[in-house]
Novice: 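Starting off with a structure, shown below.
None of the values given here were measured: they were computed from a predicted structure.
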Amino acid sequence: MRRVRTPLAPEVDRTRADLEKVAHDCGPHCLVHPADVGDEDAVETMIATTLDRYDRIDVLVNNAGTVVQGDLTEIKTSDYRRIMATLVDGTFFCIRAALPYLVRTKGRG
């Protein structure tokens, strides 16, 4: 399992339980919503969940990533597609879904 490093927790597994603990430590205004950003429907659900909770979006941070170890000649096409789905498609899906709400708030809380 991959780990996420944050200032709040040196190593956080990408499980809902571990993320919920970090959210609890952050306080009552933290929302945990794990999502595959390469999945357009998952992104739409993530944005809807955020709007249901906060009624606005002030900022979007596209910070999802994935990596495949190995020489370029050894990387399988399926791994390449997963990387592109996360890095390129995910960024596009998140921006497109959040942009109308960012325009409304002008990116200010």
Side-chain angles (χ1 to χ4, degrees):
M1 176 170 278
R2 294 190 186 152
R3 297 192 180 275
V4 178
R5 295 188 184 281
T6 70
L8 299 173
E11 292 189 7
V12 178
D13 288 329
R14 289 188 201 192
T15 66
R16 179 172 280 282
D18 290 325
L19 293 172
E20 292 286 354
K21 181 181 179 333
V22 171
H24 179 268
D25 293 345
C26 290
H29 300 294
C30 188
L31 171 67
V32 172
H33 186 95
D36 175 358
V37 297
D39 176 342
E40 186 175 0
D41 292 334
V43 169
E44 293 290 336
T45 299
M46 178 179 66
I47 295 297
T49 299
T50 302
L51 291 168
D52 285 346
R53 171 97 178 249
Y54 300 108
D55 198 38
R56 62 187 295 133
I57 297 175
D58 296 318
V59 66
L60 171 67
V61 177
N62 282 300
N63 193 35
T66 188
V67 68
V68 175
Q69 299 292 330
D71 187 270
L72 183 60
T73 60
E74 299 168 357
I75 295 175
K76 295 182 275 183
T77 300
S78 59
D79 290 333
Y80 167 78
R81 299 268 183 241
R82 183 172 47 86
I83 292 167
M84 297 308 286
T86 300
L87 300 180
V88 178
D89 297 346
T91 299
F92 172 74
F93 295 152
C94 288
I95 291 170
R96 183 178 63 187
L99 191 57
Y101 308 102
L102 291 166
V103 168
R104 260 186 232 156
T105 63
K106 297 184 172 121
R108 289 178 261 164

Novice: Which pair of heavy atoms, one from Y80 and one from I75, lies closest together, and at what distance?
Specialist: N-CG2, 4.1 Å

Novice: For V43 and D36, which heavy atoms make the closest approach, and how far apart are they?
Specialist: CG2-O, 4.4 Å

Novice: If you measure from CE on M84 to OG1 on T66, what distance do you get to the nearest 0.5 Å?
Specialist: 12.5 Å

Novice: Applying side chain to side chain contact (heavy atoms under 4.5 Å, CB included) to T86 and V37, what does each step give before you reach the verdict?
Specialist: CA-CA 6 Å; T86 300; V37 297; 4.2 Å; yes

Novice: Can you name the nearest heavy-atom pair linking T105 to R56, along with the distance?
Specialist: CG2-NH2, 3.4 Å

Novice: Is any side-chain N of the basic residue among D18 and K21 closer than 4.0 Å to the acidic one's carboxylate O?
Specialist: no

Novice: Between E44 and A97, which heavy-atom pair has the shortest distance, and what is it?
Specialist: OE2-CB, 3.8 Å

Novice: Nearest 0.5 Å, please: how far is CD1 in I95 from CG in N62?
Specialist: 5.0 Å

Novice: If two hydrophobic side chains count as joined below 4.5 Å and joins carry through other members, does L99 share a cluster with V88?
Specialist: no

Novice: Nearest 0.5 angstrom please: D39 CG to M46 CE, how far?
Specialist: 10.5 Å

Novice: Rounded at 0.5 Å granularity, tell me how far OG1 in T91 sits from CG in N63.
Specialist: 9.5 Å

Novice: First locate atom OG1 of T49, then atom OH of Y54, and finally report the distance between them rounded to the nearest 0.5 Å.
Specialist: 11.0 Å

Novice: Under the side chain to side chain contact (heavy atoms under 4.5 Å, CB included) test against S78, which residue among R82, K76, R81 passes?
Specialist: K76

Novice: Determine, using the 4.5 Å side-chain heavy-atom cutoff (strictly less than), whether V68 and L87 are members of one ILVMFWY cluster.
Specialist: yes

Novice: Between A98 and L60, what is the shortest heavy-atom contact and its length?
Specialist: CB-CD2, 4.1 Å

Novice: With a sphere of 6.0 Å drawn around CG of D55, does it hold more than 12 non-hydrogen atoms of other residues, nucleotides or ligands?
Specialist: no

Novice: Distance from D79 atom CG to Q69 atom CD, nearest 0.5 Å?
Specialist: 11.0 Å

Novice: Of the non-hydrogen atoms in V32 and A23, which two are nearest, and what is the gap between them?
Specialist: CG2-CB, 3.2 Å

